[in-house]
Amino acid sequence: MEVILAKSAGFCFGVARAVRMAQELAGSGQPARMLGTVIHNSTVVEDLAGRGVGVIHSPEEAQTGEAVLLRAHGASRQVYEALRARGARIVDATCPKVARVREIVQQAEGEGRRCVMIGDKNHPEVAGIAGWCRDLLVFSGPDDLSAAFTEGILTGDMPLTVVSQTTLIRSVWENSLKILKNQCTNLKIFDTICSATHIRQSEAASLAAKVDAMVVVGDPKSANTKHLTEICRAYCSRVFQIENADELSMAELAGCRVVGLTAGASTPASIIKEVNKTMSEEKIQGEGMENFAEMFEQYTNTLNTGAKVTGVVTAITPTEVQVDLGCKQAGYIPVDQLTDDPTVKPEDVVKVGDEVELFVIRVNDVEGYATLSKKRLDAVKVWENIEEACSSKEVLEGVITEQNKGGIVASVKGVRVFIPASQSGLPREADMSQLIKQKVRLHITEVNRARRRVVGSIKAVQQEERAAAAAEVWANIEVGKRYTGTVKSMTSYGVFVDIGGVDGMVHISDLSWSRIKHPSEVVAVGDKLEVYVISFDPEKKKISLGVKDRSTDPWQVFMDTYKVGDVASVRIVKLMTFGAFAEVVPGVDGLIHISQIADRRIDKPGDVLSEGQIVDAKITAVDEEKKKISLSIRALLAPTPAPVEDEEA
């Protein structure tokens, strides 16, 4: 029988940290006890009790001067206050990730928001967090949430801040968020599921899907062990949850060729090894046990200057960030070693509970601390990322910081990137200073780390994006399809409009129903236009566009508005020798014959009228078949009185 061990099985960071702190207490020789069992594992708890660290179940049992360990689940504010009142020394082993959730609900309450937690209201972690918030609403999942909205416990207009129990099953969280997002208009979401929990659950699901049977090791009281079992049962029909090797029945595994093995976050490596030994004497597949060995070794190993380490942020002050490195030395990051940006606050860079990679600047074994740097390791990583982006042609984002003689400079992940003028993406004579402080997308085209020289191109990204957009347009274009385009250029006969990587031509006659002499009368370069496709030729890459709304017939608008005998306010659009054309409604012109312009004889229409002039005219005739209109100004003029004869004459 082949046994495959999940890589992430067993102790998580928070539990391992709490157990280590309990073991340090046991070896200190000082009176110490735990408030509740440090983890859900009787073997570990019994071992600690045998070394003098027993269990109390309430703060009232604590003695003055006694060290009291608070477990990884954390505790309520009232517990802290009660222990201080008893004169006990608090050793806080609360998982930093749980402490982060506690901070979130406190901040939300201070902002006047209602706090919602998705999790098990009876779980110690949830109960502890609830003790830091006056009214934390806890829901087990989607069904519980739906009922809360139905019963009016929650309403859509409530300002809600939502967190999760750190060991929650991710599918429960995601399905709960769907309901909240659908119902609420004022929602702040914090995904506080521990990454280690998610990785452990994902690996267990993946493993369960490809084995004949699955064994889950953990204390029956452990919530995360129960969740692991539930997840495995969704993918495998034969799942066995046991606490130790004594509970393993090999008869139940008879006939299985491949068996998966995983464990809850409170299960020590020694128990997992014993279970595996019972199941099979073959070498375990994968890296599970090696990972356990490495994990426990790191708690006893000392640090070395120049090493890379991983730690979890436990506290943030104005001058430093404190980090748990999982070893004897305490770690801290001076503020000036956090980031290159002196204007950034520490809490904007990291949060309590964050797992960060760091560079060891100095180790002080005498005082038991290590000075760390985040920015130094970040700088190395950034250069590696820049070099990789150059090779892979990855698109990066940067901000233009300055202009120089040859081009512009962008800051990309803190690295200075020179962009030649020809690669700026602007026309040859354009003012490149307009890009300063603008966010841009670019390719890295050259990297020389020794000379700290990096060259980039905005133009290359623009060309790629335009080509991709053009391909998309040509793949989906059809007559009548509408686009929102941008006027790119203008000629006397029309305008060219960019509809997303492709330019189309709008002829002057298709720009407006009104008679215009030049496109500039109705549009300008840079204008947004709603256009539709009149025709297209993929081979010649030509597209004919229109702007006029063809669903509205100007002649029908005229017929619905006017009749013979009506007076209309018209605009003179063209002067001819025989009369003047006037626009009655956009797209419909009428003729004012020269004889109908004035009440006297005139030589030419220009003697009385000018193009663009607005005049009143009477509609004297309408030819519906030929769509022609006759207009008269003269019909509205009072007749000139006849001359009066001199009586004496």
Side-chain angles (χ1 to χ4, degrees), residues 11-103 106 122-133 166 219 221-223 265-268 270 296 299-300 312 314-315 317 322-332 352-353 366-369:
F11 277 2
C12 67
F13 165 80
V15 171
R17 174 175 175 267
V19 171
R20 175 171 54 84
M21 292 173 73
Q23 290 171 337
E24 288 173 354
L25 274 179
S28 68
Q30 300 176 0
R33 287 190 287 179
M34 300 175 283
L35 181 57
T37 55
V38 67
I39 60 171
H40 290 306
N41 187 274
S42 57
T43 302
V44 174
V45 173
E46 289 168 6
D47 175 68
L48 289 168
R51 297 168 62 187
V53 182
V55 178
I56 60 175
H57 300 286
S58 71
E60 288 70 29
E61 297 178 51
Q63 303 297 317
T64 301
E66 180 180 49
V68 177
L69 179 79
L70 298 182
R71 56 189 175 174
H73 292 318
S76 67
R77 190 199 308 266
Q78 291 83 352
V79 168
Y80 283 79
E81 293 172 351
L83 288 172
R84 292 190 185 101
R86 299 283 297 177
R89 180 170 66 88
I90 298 173
V91 179
D92 195 348
T94 302
C95 175
K97 295 183 183 295
V98 175
R100 171 62 179 153
V101 183
R102 191 164 67 192
E103 287 183 3
Q106 283 183 282
N122 297 316
H123 192 278
E125 174 193 316
V126 177
I129 291 168
W132 294 86
C133 180
T166 61
D219 192 288
K221 297 187 291 295
S222 167
S266 300
T267 308
S270 58
F296 282 106
Y299 297 131
T300 56
V312 174
T314 57
T317 73
Q322 297 171 17
V323 181
D324 189 315
L325 298 171
C327 62
K328 293 179 180 180
Q329 292 92 345
Y332 80 94
V352 172
V366 176
E367 298 185 13
Y369 70 83

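Heavy-atom basis, side chains included; hydrogens, waters and symmetry copies ignored.
Judged as a salt bridge (charged side-chain N to carboxylate O under 4.0 Å, His left out), and not counting sequence neighbours, the contacts of Arg51 are Asp47. In terms of the salt bridge (charged side-chain N to carboxylate O under 4.0 Å, His left out) criterion, residue partners of Glu103 (sequence neighbours excluded) are, by chain and number, Arg100.
Residues Asp219 and Ser266 have side chains not in contact (no heavy-atom distance under 4.5 Å, counting atoms from C-beta outward). Counting only heavy atoms from C-beta outward, the side chains of Glu125 and Cys95 never approach each other to under 4.5 Å.
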Show, in sequence, the C-alpha distance, side-chain angles and deciding distance for Thr94 and Arg102, and conclude whether the side-chain contact (heavy atoms from CB on, under 4.5 Å) test is met.
CA-CA 10 Å; Thr94 302; Arg102 191 164 67 192; 4.3 Å; yes
Extract all donor-acceptor atom pairs below 3.5 Å that involve side chains of residues 68-75 and protein atoms in other chains or at least two apart in sequence.
none

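Between Leu35 and Pro59, the closest heavy-atom pair is CD1-N, 4.1 Å. For the pair Ser76 and Gly131, the tightest heavy-atom approach, listed with the atom from each and the gap, is CB-CA, 3.5 Å. Nearest heavy-atom pair across Val53 and Ala22 is CG2-O, 4.2 Å. Residue Val352 comes nearest to Ala99 through the heavy atom pair CG1-CB, 4.4 Å, listed as atom of the first residue, atom of the second, then distance. In terms of heavy-atom proximity, Pro268 sits nearest to Val44 at CG-CG2, 3.3 Å.
At distances below 3.5 Å, not a single donor-acceptor pair connects side-chain atoms of Gln30 with backbone N or O atoms of Ala67. Thr64 places a side-chain N or O within 3.5 Å of a backbone atom of Arg86 that can act as its donor or acceptor partner.
With values rounded to the nearest 0.5 angstrom, Arg33 atom CZ is found 5.0 Å from Ile56 atom CD1. Residue Leu83 holds its CG atom at 11.0 Å from CD of Glu61, rounded to the nearest 0.5 Å. To the nearest 0.5 Å, atom CD of residue Gln63 and atom CZ of residue Arg89 are 15.0 Å apart. To the nearest 0.5 Å, atom CZ of residue Arg77 and atom CH2 of residue Trp132 are 5.0 Å apart. Distance check, rounded to the nearest 0.5 Å: CG of Asp324 to CZ of Arg20 gives 5.0 Å.
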